[in-house]
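These notes concern the structure reproduced below.
Throughout, residue positions are numbered sequentially from 1 according to the sequence presented.
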Amino acid sequence: MPLSKKEKKGNRGQSKVLPWAFIAPHLIIFTIFFLVPVVFGIYISFTDWDLVSSPNFVGLDNYKEIFTNQDSIFYTQLRTGLTNTFKFVIFVVPLCIIVPLMLAVALNTKPKLGKFFQSLFYMPSLFAISAVVIVWTLMFNVNYGPINKLLGSTTPFTSTMPYAWITLVVVTVWWTIGGNMIIYQAALNGIPKDYYEAADIDGASAAQKFFKITLPSIKGQILYTLVTTTIAQFNVYGQPLMLTGGGPSDGTRVLLMYIQQNAFGSGQSIAGIASAMAIVLGVCIMIVSALQFKFLRTKD
């Protein structure tokens, strides 16, 4: 029986409301925990605020302080922190992409052992960074650490350059490769076997199959992991804080450590300066991520 005009109108109204009902929880969480803090942080970056009294609007003074006043300690903090953060990203991100990809390819060729080693490599990513750093601090201990014993060395790895950077890279890669490896394994399992069978008939080598079939087939997953890994490593904080303390001589002190110090760690909070530094870090992340998208899409 045909629907009446009233029933049709009711169905149309329900069809408009239903999609919003499904996305409402996500929108509420996004607004409360992301959009509002971002907008508030941007506003605070234009103020002089000590977290106690009311924010005092100062315009671009905070940005002038960290960008142009070379005699200011905040100018030095921004330059040092941003340089060390970029160093960390450059050192870690390629390894966090290449190592899990190689592991996923290797495990994909040995399905019987794959599940066991998959669990083994993924397990570190389940640990809190505090637990990870405690374990590796003991591993690198000068007096009784197994690494120094194995190498027959007395080098204080976490407080000597360039070993402090090496320890940070090793710990971070060991801690984070599991997630990307799982993504690559799922992507590899989705590649049709016919492609490899045709390549075998044509006499293609293993390297040719990897670069001509495997990599192009999982390019979307590589782009995703590259962007998410880059964002995650730009926000590095726990590893240098707990493993090297930012030393030696602030050589591994990243920007987030200065942001935390200015906002909460000093005798008087300088939340405006800290927020301005955080905005600069966020802009750097967006620029790098946009360049990654552009580069990979252009190559495609």
Side-chain angles (χ1 to χ4, degrees), residues 26 86-129 131-132 135-136 139 165-236 238-239 285-300:
H26 175 76
F86 269 95
K87 282 182 181 179
F88 183 82
V89 171
I90 292 171
F91 294 155
V92 170
V93 170
L95 292 175
C96 286
I97 300 299
I98 296 172
V99 173
L101 179 58
M102 296 297 101
L103 289 174
V105 172
L107 295 178
N108 202 49
T109 60
K110 301 290 184 181
K112 292 183 179 180
L113 295 175
K115 295 297 181 182
F116 170 75
F117 284 102
Q118 174 182 317
S119 302
L120 193 65
F121 290 125
Y122 183 73
M123 191 177 298
S125 63
L126 302 176
F127 302 151
I129 183 58
V132 171
V135 170
W136 280 98
M139 294 282 287
W165 276 114
I166 295 174
T167 59
L168 286 175
V169 171
V170 169
V171 171
T172 303
V173 172
W174 179 83
W175 181 45
T176 59
I177 58 174
N180 287 348
M181 183 193 68
I182 295 296
I183 294 174
Y184 295 146
Q185 279 192 292
L188 292 173
N189 290 330
I191 302 175
K193 303 299 181 184
D194 297 345
Y195 294 172
Y196 295 104
E197 292 174 0
D200 289 333
I201 294 174
D202 291 337
S205 64
Q208 289 174 323
K209 287 188 286 187
F210 178 76
F211 287 105
K212 298 295 184 180
I213 298 176
T214 304
L215 282 184
S217 298
I218 63 172
K219 194 169 185 179
Q221 289 80 0
I222 292 177
L223 172 59
Y224 170 78
T225 54
L226 179 61
V227 173
T228 55
T229 301
T230 301
I231 293 173
Q233 303 313 329
F234 261 112
N235 287 285
V236 60
Q239 300 95 299
I285 294 173
M286 288 190 293
I287 292 174
V288 172
S289 299
L291 290 175
Q292 289 173 336
F293 271 110
K294 179 177 176 58
F295 174 75
L296 289 180
R297 287 180 177 177
T298 303
K299 295 290 288 183
D300 189 43

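In this structure, Y224 places its OH atom where only 12 or fewer heavy-atom neighbours from other residues, nucleotides or ligands lie under 6.0 Å away. By the 6.0 Å contact criterion, OH on Y122 is open, its count of non-hydrogen atoms from other residues, nucleotides or ligands being 12 or less.
Closest heavy-atom contact between M181 and Q118: CE-O, 3.5 Å. Closest heavy-atom contact between P216 and K212: CG-O, 3.4 Å. Residues C96 and N180 come closest through the heavy atom pair O-ND2, 2.9 Å. For the residue pair I213 and Y195, the shortest heavy atom distance occurs at CD1-O, 3.5 Å.
Put simply, CD1 on I218 and CG on N189 are 11.0 Å apart, with the number rounded to the nearest 0.5 Å. Q239 CD to I129 CD1: the interatomic distance, rounded to the nearest 0.5 Å, is 4.0 Å. I222 contributes atom CD1, which lies 10.0 Å from atom CD1 of I98 (distance to the nearest 0.5 angstrom). Separation of atoms CD1 (I231) and CG (L226) is listed at 10.0 Å; rounding is to 0.5 Å. To the nearest 0.5 Å, the span separating CZ on F121 from CH2 on W174 amounts to 11.5 Å. Here the CG-CD1 distance, from L101 to I183, works out to 12.0 Å after rounding to the nearest 0.5 Å.
S289 places no side-chain N or O within 3.5 Å of a backbone atom of M286 that could act as its donor or acceptor partner. Distance alone, capped at 3.5 Å, places no donor-acceptor pair between the N108 side chain and the A104 backbone.
For the residue pair Q233/T172, the side-chain donor-acceptor check at 3.5 Å is not satisfied.
Judged as a side-chain hydrogen bond (donor to acceptor under 3.5 Å, both in side chains), and not counting sequence neighbours, the contacts of Y196 are T214. Scored by the salt bridge (Lys or Arg N to Asp or Glu O under 4.0 Å) test, D200 finds K209 as partners (sequence neighbours excluded). Checked against ring-ring contact (aromatic ring centres under 6.0 Å, His included), F88 has no partners two or more places apart in sequence or in another chain.
The shortest side-chain heavy-atom distance between M102 and F210 falls under the 4.5 Å cut-off. Taking the side chain as every heavy atom from C-beta outward, L188 and L107 never approach each other to under 4.5 Å. Y184 is listed as a side-chain neighbour of T225, based on a closest heavy-atom distance under 4.5 Å. The shortest distance between side-chain heavy atoms of T176 and T229 does not fall below 4.5 Å.
Under the 30°/60° scheme for interplanar angles, the aromatic rings of F86 and F234 are found to stand perpendicular.
Taking the six-membered ring for Trp and the full ring otherwise, the centers of W136 and W175 sit at least 6.0 Å from each other.
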